[in-house]
Amino acid sequence: SGVCPSDKGKKWGTACTAPGGDASTCFGKVCMDSLNKQCTATTLGKSPLALMTPDKARPSEEHVCRSLMCCKTVSQLSGEYVYPDGKTYKDPWQYETCTTQSLYTEFKVGDVTNRIYLGAPLDGTILADPGKMCVGEELVTPASRCATGEFLEVSVGRCLPCDSSCTACTGPSNFDCAGTCKYGQDSRGACAISADQVTFAGPGATVSTTSPPLTTATATPDPVTLDSVTRPGSTEAEDEALGEVVTFGMTIQAVSFNDLLADTTLLASFSDSVIRVIAAAVEVPEDLVAVELSAGSVKVTSTITVPPDGRISASSVAASLQDSGKTSVLKSSVARDISSLPGIDAVSTGTISVSAITAPVIERQTTTSNVPEPVTASGVAPRSLHASAAALLCTVAAFCAL
């Protein structure tokens, strides 16, 4: 396997050995396909050799970011030869029957025409100039320093925005802030994302409410049912008519939340894909599933609303989410569907996977308005409460200890 694992973050262009044993370079925290493998793919195996200099020291200048120069055969000559560039090579390698593809396909999005070159190398590919790489079929010089409010993601050579809670940072989350936090720091050492979070969830904070507090059960691997909260002036029958909700979470790895958030079209497709897979896994209609996305990599809080008509049982939904076989299929299906979304490569930092599916929590849905939760001495809401109530204490779910 490659030697650029996703938890290492090697700098773009770092030499590595690609699967199959070919020399390659790192990009996006993975060891890229070698030029030979890319030639094999673009020519359907007909010309599997990428043209190199006669000493095989580096790729030939015949390669460009819109088309690789791929060859059928290579053999080694004996003796000294002078090449057209004026250089003399001893026992050089001679490539034969080399071709390049200039074919492309076009498609329109609104009034914008997009063109994809069929023989182009992958983003992050380094050609003759080791200080530049191909991105979007253009030769670019990766960033080496960034403006205030950005950090350098060395694995792709790009400047990415800091979290909104940071004045400066070394990474994408509110744990990566450098220097002073914009609004203050919480008990975990993370920078708060708003003044409201500091006010509501700061040390010693309290929240007063005229509504009865939610009664919670200790979180266990089994589904937890929360006691109901009765609306003023409502009857027990009216409250029960609203049904139940099942809440659980998962983490989708190797996707940049900030980059995903910036692409509204991809964000919508991403959410729809997760909803579709969850609905199929627990065998409920898609309109009963809602998701909330937050940072690190992408955390998903899913809420499945179970209507009171008896067609679906909250306990059966929760049981499905505790079945190891079904959760394994759910994780692989989410990863596969997300990986196949158009444009996902632009926000991906490696091989997409799903981890940390949390135990489901069942809650009786007895009110249409959020009831504030009591706040513990540390300023963190009780762990087993539903995310919709916890949202009053935090602007983004990433900063809540749910």
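Bear in mind that the values here come from a model prediction, so they are computed numbers and not experimental data.
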Any side-chain heavy-atom pair from [X] and [Y] closer than 4.5 angstrom?
| X | Y | answer |
| --- | --- | --- |
| F151 | C159 | no |
| W12 | I126 | yes |
| V300 | L293 | yes |
| E137 | R115 | no |
| L68 | Q38 | yes |
| V347 | L266 | yes |
| T301 | V291 | no |

Worksheet item: Is the closest side-chain donor-acceptor distance between Q253 and S355 under 3.5 Å?
Response: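 Present: a donor and an acceptor within the cut-off.
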
Discussion item. If I take atom CG from residue L51 and atom CH2 from residue W93, how far apart are they, to the nearest 0.5 angstrom?
Written reply: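 Result: 14.0 Å between the selected atoms.
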
Side chains of residues 267-290: which donor-acceptor partners sit under 3.5 Å, not counting sequence neighbours?
{"residue": "S269", "atom": "OG", "partner": "T265", "partner atom": "O", "Å": "3.2"}
{"residue": "S271", "atom": "OG", "partner": "L267", "partner atom": "O", "Å": "3.1"}

Measure SG to SG for [X] and [Y] and state whether it is below 2.5 Å.
| X | Y | answer |
| --- | --- | --- |
| C169 | C177 | no |
| C181 | C191 | yes |
| C31 | C26 | no |

Fill in: Least distance between heavy atoms, T351 atom then A254 atom
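Heavy atoms only, the tightest pair is O-CB, 3.4 Å.
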
Discussion item. Please list all pairs meeting side-chain hydrogen bond (donor to acceptor under 3.5 Å, both in side chains) that have one or both residues in residues 326-341, counting only residues at least two apart or in different chains.
Written reply: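 Pairs touching residues 326-341 that pass the test: none.
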
Item to complete: Could you label the plane-to-plane angle of the Y117 and Y104 rings as parallel, tilted or perpendicular, counting under 30° as parallel and over 60° as perpendicular?
Response: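 If you compare the ring of Y117 with that of Y104, the planes turn out tilted.
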
Discussion item. Could you walk me through whether D33 and L122 satisfy the side chain to side chain contact (heavy atoms under 4.5 Å, CB included) test, starting with their C-alpha distance in whole Å, then the side-chain angles of each, then the deciding distance to 0.1 Å, before giving a yes or no?
Written reply: CA-CA 8 Å; D33 286 347; L122 300 172; 4.2 Å; yes

Fill in: Pairs satisfying disulfide (SG to SG under 2.5 Å), at least one member in residues 91-122, at least two apart
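For residues 91-122, and leaving out neighbouring residues, the disulfide (SG to SG under 2.5 Å) pairs sorted by first residue read C71-C98.
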
